[in-house]
Amino acid sequence: MTDFAITAAPSRATAPRLRALQLALLWFAGASGAIVFIEPSPYEFAILLSIVVFFASGLRIAPALIVPIALLIGVELGYTIGASSLLDDPIILNWLLTSWYMAITAIFFALVTLENTADRIEALARGYLVGGLIASLAGIAGYFNLIPGATDLLTYAGRARGTFKDPNVLGAFLIFPAVYALQRVIEGSFWSAMRNAVAFGIIALAIFLAFSRAAWGTLAGASILTIALMFVTAPTQQRRLRIVMLAALAGLVLVAAIAVLLSFDRIDALFKERASFAQPYDSGRFGRFGRHLLGAAMALDYPTGIGPLQFRRFFPEDTHNSFLNAFMSGGWISGILYPALVFITAAYGLRNVFVRTPWQRTYIAIVATLIVTLLESFIIDTDHWRHYFMLIGLTWGVAIASSRVRFHSNASP
């Protein structure tokens, strides 16, 4: 498995100060992803600075990365063709540039995690956890009106949105740090488990108060998948028993906490409203799922798509389906390559999550969150979520690093 240097580096060994700077930048990128109600957000500055530092100090590319890079470029070329006649609209131009930017960040995270994998994904994950706590505390404070005058900023329609513009995106962003903290509750030492239990409780509360059905389902799905993968990959029967017992205890505590929250009339009323599957905007000919069927038929008549953000001109709302949006925005090129990208990424990650490496535990959280978010893409637009493209890039980079470990393990006598 030969890698090729993108820029010449003095040596494979990174100087201690440079290494510390790189880890700090990744931590900052993870933490700054929580602040997105201002644009450009701190995340954009963190990514730009990280790209400059990492490329200046040397990055290497693995041949296997040609697959996701080619798919990402293909998807974006489809979007560019679909938007070509609409670029005089600054909103469309901004959408297109944002799409290319998301693809670049995915490639960057894949390249970064090819080397020094354990330290780099841990720095990023810990920063992401801090960012998740910041966004969660802001959402909780806004919901309970703990900061005078900030309720309108931190909530939307009675739902917590914290440092995000939309409660649904807040909930989606918080899935990975919630799963990451839950892992450390189950497998960490006593004090580590206590600290992470507090973090998980805060983040889970914020997800609940966002009243996003998709986020509730994603948290449940990602947690179950993470625990299942932890159980399967546990090295001993004793470790498996510990996982089952602590996971069951965490589940009971979570159910009890929800029961306490529902004892408040305000929370109970909104919960019953949001928990219903019969939402007005979901049903009917032009409801969410009706639009999916009509849009799928429409996609056959537009080989180059109708262009970004044009679906709302034909229907009452946007697609709320990233796969359909790829067809609508980028025609058959993006419509075929986008699902190829995400499903190949998920399959490759799942294949390599079973390799025993120093970073296996964190990688389980990454892959589990990616897979469940991918499924969420069938009912909501995820194609401009910063953290989703971060997960795509991380999945590829760490999978390649894990496959090297497996290769060397199999090659050893």
Side-chain angles (χ1 to χ4, degrees), residues 23-50 105 109 120-156 158-185 188 192 194-212 214-216 218-219 222-223 257 261 362 365-366 369 373 382 384-391 394:
L23 296 180
L25 286 172
L26 290 174
W27 184 95
F28 180 51
S32 62
I35 313 297
V36 296
F37 58 4
I38 55 174
E39 292 185 354
S41 75
Y43 180 80
E44 272 64 72
F45 293 107
I47 288 296
L48 178 60
L49 185 57
S50 297
T105 62
F109 284 115
R120 289 179 178 178
I121 67 169
E122 200 61 32
L124 189 61
R126 288 177 178 175
Y128 197 158
L129 177 60
V130 171
L133 288 170
I134 292 171
S136 297
L137 290 171
I140 294 169
Y143 186 86
F144 291 108
N145 197 24
L146 301 179
I147 304 176
T151 300
D152 290 341
L153 176 65
L154 302 176
T155 64
Y156 174 78
R159 301 162 59 192
R161 66 177 175 184
T163 50
F164 285 75
K165 297 178 181 179
D166 185 342
N168 295 314
V169 184
L170 168 67
F173 173 81
L174 294 177
I175 302 304
F176 175 76
V179 171
Y180 179 79
L182 179 61
Q183 270 191 321
R184 277 134 188 87
V185 171
S192 174
M194 292 297 101
R195 291 194 303 271
N196 283 284
V198 172
F200 177 77
I202 292 171
I203 295 171
L205 176 59
I207 293 174
F208 181 81
L209 295 178
F211 292 99
S212 168
W216 293 343
T218 305
L219 176 61
S223 298
L261 289 169
T362 302
I366 291 171
T369 306
T373 305
T382 62
H384 277 185
W385 286 0
R386 295 170 177 86
H387 67 275
Y388 187 33
F389 282 82
M390 177 192 293
L391 292 171
L394 291 176

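In this structure the side chain of Phe109 never reaches within 4.5 angstrom of the side chain of Arg120, judged on heavy atoms. Using a 4.5 Å heavy-atom cutoff, the side chains of Tyr143 and Thr151 are not in contact. A 4.5 Å side-chain heavy-atom check between Leu394 and Met390 finds at least one atom pair inside the cut-off. Contact annotation: the side chain of Thr155 never approaches that of Asn145 to less than 4.5 Å [non-hydrogen atoms, C-beta and beyond]. Ile175 is listed as a side-chain neighbour of Ile207, based on a closest heavy-atom distance under 4.5 Å.
Rounded to the nearest 0.5 Å, atoms OG (Ser223) and CD (Gln183) are 10.0 Å apart. Residue Leu154 holds its CG atom at 11.0 Å from CG of Leu137, rounded to the nearest 0.5 Å. If you take CZ on Phe45 and OG on Ser50, they are separated by 13.0 Å, rounding to the nearest 0.5 Å. Here Leu170 contributes atom CG and Thr163 contributes atom OG1; the two are 7.0 Å apart, rounded to the nearest 0.5 Å. Remark: Trp385 CH2 to Leu391 CG distance equals 11.0 Å, nearest 0.5 Å. Residue His387 holds its NE2 atom at 9.0 Å from CG of Leu174, rounded to the nearest 0.5 Å.
Of the possible donor and acceptor atoms, none in the side chain of Arg386 sits under 3.5 Å from a partner among the backbone N and O of Thr105.
Stacking of Arg184 on the aromatic ring of Tyr180 is recorded, both the 6.0 Å distance cut-off and the 45° axial limit being met.
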I'd like to know whether Asn196 forms a side-chain contact (heavy atoms from CB on, under 4.5 Å) with Leu129, so could you lay out the CA-CA distance, the side-chain angles of the two residues, the decisive distance to 0.1 Å, and finally the verdict. CA-CA 10 Å; Asn196 283 284; Leu129 177 60; 4.1 Å; yes
Pair Asn168-Arg159, side-chain hydrogen bond (donor to acceptor under 3.5 Å, both in side chains): steps then yes or no: CA-CA 9 Å; Asn168 295 314; Arg159 301 162 59 192; 2.9 Å; yes
Might you work through the side-chain contact (heavy atoms from CB on, under 4.5 Å) test for Ile147 and Leu153, ending with a clear yes or no? CA-CA 10 Å; Ile147 304 176; Leu153 176 65; over 6 Å; no
I'd like to know whether Arg161 forms a side-chain contact (heavy atoms from CB on, under 4.5 Å) with Asp166, so could you lay out the CA-CA distance, the side-chain angles of the two residues, the decisive distance to 0.1 Å, and finally the verdict. CA-CA 6 Å; Arg161 66 177 175 184; Asp166 185 342; over 6 Å; no
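Ala178 and Phe200 make their closest contact through O-CD1, 3.2 Å (heavy atoms, listed as atom of the first residue, atom of the second, distance). Annotation for Pro167 and Ala160: closest pair CB-O, 3.3 Å, computed over non-hydrogen atoms.
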List the atom pairs, donor and acceptor, that lie under 3.5 Å between side-chain atoms in residues 27-38 and the rest of the protein, sequence neighbours left out.
unit_1: Ser32; atom_1: OG; unit_2: Phe28; atom_2: O; d: 2.8
unit_1: Ser32; atom_1: OG; unit_2: Ala29; atom_2: O; d: 3.3

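Ring orientation note: the planes of Trp216 and Phe211 are nearly perpendicular, at an angle over 60° on the 30°/60° scale.
Partners of Phe164 according to the ring pair (Phe, Tyr, Trp, His ring centres under 6.0 Å) rule, which considers only residues two or more places apart in sequence or in another chain, are Phe173.
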